[in-house]
Structures are given as structure tokens and as C-alpha cells.
There are 2 protein chains.
Amino acid sequence: MIDEKTAREAVVQAADELFYAHGVQAVGMDAVRTAAGVSLKRIYSLFASKDELIVAVLNHRTAIWDTGLASASERATSARERILAIFDFLDAWFREPSFRGCAFINTHGELGSTSTAVADTVREQKRAFQKYVAQLVADAGAPPALAPQLAILAEGAQTTAAIAGTPEAAHQARAAAETLLDVATAAHA
Amino acid sequence: MIDEKTAREAVVQAADELFYAHGVQAVGMDAVRTAAGVSLKRIYSLFASKDELIVAVLNHRTAIWDTGLASASERATSARERILAIFDFLDAWFREPSFRGCAFINTHGELGSTSTAVADTVREQKRAFQKYVAQLVADAGAPPALAPQLAILAEGAQTTAAIAGTPEAAHQARAAAETLLDVATAAHA
DNA sequence: TACAGTAGAGAACGAACGTTCTCCGCGCAA
DNA sequence: TTGCGCGGAGAACGTTCGTTCTCTACTGTA
């Protein structure tokens, strides 16, 4: 038998792909079982319920998002570049054929009013992103009020790209971010 | 018996409130029946399926959105003011206790990958909003590239406010919109 | 009054879901 | 080898849902 950690990862990975592609409620536990190659009994020994699996999947997504963001800003040499790297990261993501919007936004829309655990996890992820942006804004020497504006641009780009099915929202948001950065740093200098 | 138009409106109205509050899939047709006071038989004579009802509800939301936007910009005397009125409209909306995000975004996240009818309706609504903004931007004498930036701000404010559960995203987005407008009209002048 | 047509209330049906249970086979201690 | 415990496969269970069907009551007409 495969060890607990490996089984857990296989289940979360399979559930993540299925939930993201089809929506959480559209995917049954049987489909997760088949895709993960882990028996239902085992799944329910690892997660008490589907709700718990959903939260585990969201946490997994958070880790992927964080590492993606970190690696996207690796080449950046300034805080300003690291901020704009967020939108380049979004652009690359939007171009992936599997892109279907932000999993957190989608899951919140689907279950946010039914499961407080889901709502809390999503809110925490967005809060962490806002904090990340706020730190970059501070590093760039811009006033703190700029941070939520940039975060809103990133959020809006994600939903716009998801619904339109096209990636151009990324560079549109990037251009807006550049303008806001220019004004904020010029005024603050 | 009440006439067809009244029955239709009662069903759509009741379904709209329930779908928006709890999510589409979480609401059964029985609940719609009870809330609307229209028998299941009648509902299914008005709408061939739940999917068709969902689309009717989305179209109903579109009408509400359009009139809300129109009345919000009534007092505005310039294109710039009409643009900013969008964000004042969002602010008022976010403060309503029943606010739970944009119904189109929520429904798209829930059913966009399962129902092409839903995906198409949502895409069309967003396209119409982009067109509305584009017209205002043209009226303001700003370059066309500003329009999608403003639309992205509006979208981002809606998801941010929905997830955070607080209304401040509206004025943050409004401030960003003002900055972008200032820059765009100054450069274009 | 008798009758035809229609609509409402909700029971019924078949499918699908989350979750649990049963059965079977395998690995290991003595 | 014999027994035992554990895990895999998936059947089974109870519920819920979308949709249809049945039964009853009522309306309007002669």
C-alpha cells in the first residue's frame, strides 16, 4: 500500500483538477476515487467528508499560487517590477488551455453561502494576496492606498479573462497598474 | 388562475432571490415552487427545464443591472461623472445586506463549464457592460484603451467585496478609476 | 344538474450523490 | 500452514433532486 502522504497528495491532486475543470458540486466522490486511484474507504480515512477535501484542495491551490507568484517575480530586480510580474504571471496563466478562472472565486461563488469553512479559506487566501501586494507597494515607496487598487485589478482581470475566455485582460490590467504606479510614486517622491 | 406573464414574473423573481442567496445548485425546484406560489406543473409549462429558468433569471438580473446603472448615472452631468457613478452604484449595492457578489460571476463559476447557455448569457452581459463603459470613455474623450481598464476595476471590486464581505472595494476602485481618468484625459487633451 | 377541461397540490419516479458496509484477497506472526 | 487484521473494489443505503404523473377541485356551459 502507498503511504498516507502519497495517497493524500494523489487524492488532492486529482480532486483539484476535477473540481477546477467541472466545478465542485459537479464532481462526485466516485470520480475522485477513479482519478486518484485510491479507494473510497481510504479517501474517507484521510478526509472526514467532501467538505474537508474541498478545503484541502483550496489549501493546495494556495500553495501552487504562492510558488507561481514567487517564481514569476524571481527575475524582477525592483519592487515595481515584482508588482508588474503579478500581471505577467496572470497573462501566462490565462493562456493555459485549462484556465477557467480563479478557483477561489469559483468555489466561493458555488459554496461560499453554504460552507463557512470554504468561505473562510477563500477569504484568507485573498487576504494573504492583499498582504503580499501591500508589502510590494511599501517596498516601492508608494502610498498604502495603492495596494488594494492593484489587488482589485488582479481580481478583475481573473474574472474578466475567465468569462470572456480570452487572455487580454492581463495586459489591460497591467497597463492600468503601470499608470497607477507611475502616479503614486511620482506624487510620493 | 393568474395570467401567464404574472406567473412567469413570480417564478423568475422567487428563483432569482433563492439562486442569488444560496447558489443555483443548492436550490431545488420545490423551493422555487413554494416561494413563487406557482405549482411545479405550471413552472414546467413556463420553462422547459431548470436550465431554461436559470437563463431567464440571468436575463432578469441583466435588466435590473441596466436600470440600476441608468438611474445611478441620472444625476451625472458629464461622461466622467457617469463613469464614476458606476462605482457609487457598486458602493450602494455592496452595502445591501443581501449582497453576495455578482450573480453572473457566481453562476458562471458554478455552471459555466457545464451549461453553455449559462456561459453564453453571462459572457453577453459582461460584453454589454464593456460596451457601455466604452461609450462613456469615448464620450469623455479618453482613449479607448481606458475602457477595459475601468471594466476590470468594476469586476474586481465586485469579487473583492463579495469575498471580503465589506464594501470598501467600491471606493478603492473608484479612486483608481479617477486616477486613470485623470491621466487618460490629460494625455489626450 | 351533468359534464368537459384545466389547474393545483404534491406523490411518485429514476437518477445521482455522499457516505458506509460487505466481501474478498493479501501479508505476516506463530 | 493457519489464523488474523488490514486495505481495495465497489455494492448498498438513504437522501435529494429534476421531472412527470395522478388525483381532486373548480370553472363555465347547456
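The structure displayed is predicted, hence computed values, not measured ones. Lettering of chains follows the sequences in order, A, B, ..., and the numbering in each one begins at 1.
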Note: [X]-[Y] ion pair, threshold 4.0 Å (strictly below):
| X | Y | answer |
| --- | --- | --- |
| B/Asp91 | B/Arg174 | no |
| A/Asp88 | A/Arg82 | no |
| B/Glu155 | B/Lys126 | yes |

task: Drop me the distance from A/Phe19's CZ to A/Arg100's CZ, to the nearest 0.5 angstrom.
output: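 It is 12.5 Å, given to the nearest 0.5 Å.
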In whole Å, I'd like the distance from the [atom1] atom of [X] to the [atom2] atom of [N].
| X | N | atom1 | atom2 | answer |
| --- | --- | --- | --- | --- |
| B/Leu53 | D/dC17 | CG | P | 15 Å |
| A/Ile43 | D/dG10 | CD1 | C1' | 12 Å |
| B/Glu52 | D/dG18 | CD | P | 15 Å |

- request: Quick one: label B/Ser45 by what it contacts on the DNA or RNA (base, sugar-phosphate, nothing), any heavy atom closer than 4.0 Å.
  value: nothing
query: If each of B/Ser39 and A/Tyr44 is mapped to the nucleotide of DNA chain C with the nearest heavy atom, which maps nearer the 5' terminus, i.e. the 5' end?
result: B/Ser39
Among D/dG18, C/dC17, C/dG8, the one nearest A/Lys50 by side-chain distance: C/dC17
query: For the rings on A/Trp65 and A/Tyr132, is their centre-to-centre separation under 6.0 Å?
result: no
message: Using 30° and 60° as the class boundaries, would you call the ring planes of B/Phe94 and B/Phe99 parallel, tilted or perpendicular?
response: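 The rings of B/Phe94 and B/Phe99 sit tilted, inter-plane angle from 30° to 60°.
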message: Has A/Glu110 got a side-chain atom pairing as donor or acceptor with A/Gln25's backbone, closer than 3.5 angstrom?
response: yes
field: For A/Arg80, the option from A/Asp139, A/Thr185, A/Asp182 that meets side-chain hydrogen bond (donor to acceptor under 3.5 Å, both in side chains)
entry: A/Asp182
- prompt: How would nucleotides 21-28 of chain D be written as a contact map, 5' to 3', with B for base contact, S for sugar-phosphate-only contact and - for no contact, using protein heavy atoms under 4.0 Å?
  reply: --------
Neighbours of DNA chain D within residues 11-36 of chain A, by heavy-atom distance under 4.0 Å: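 Close to the strand are A/Arg33.
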- prompt: Counting only side-chain N and O atoms of A/Arg42, is one of them less than 4.0 Å from OP1 or OP2 of D/dG7?
  reply: no
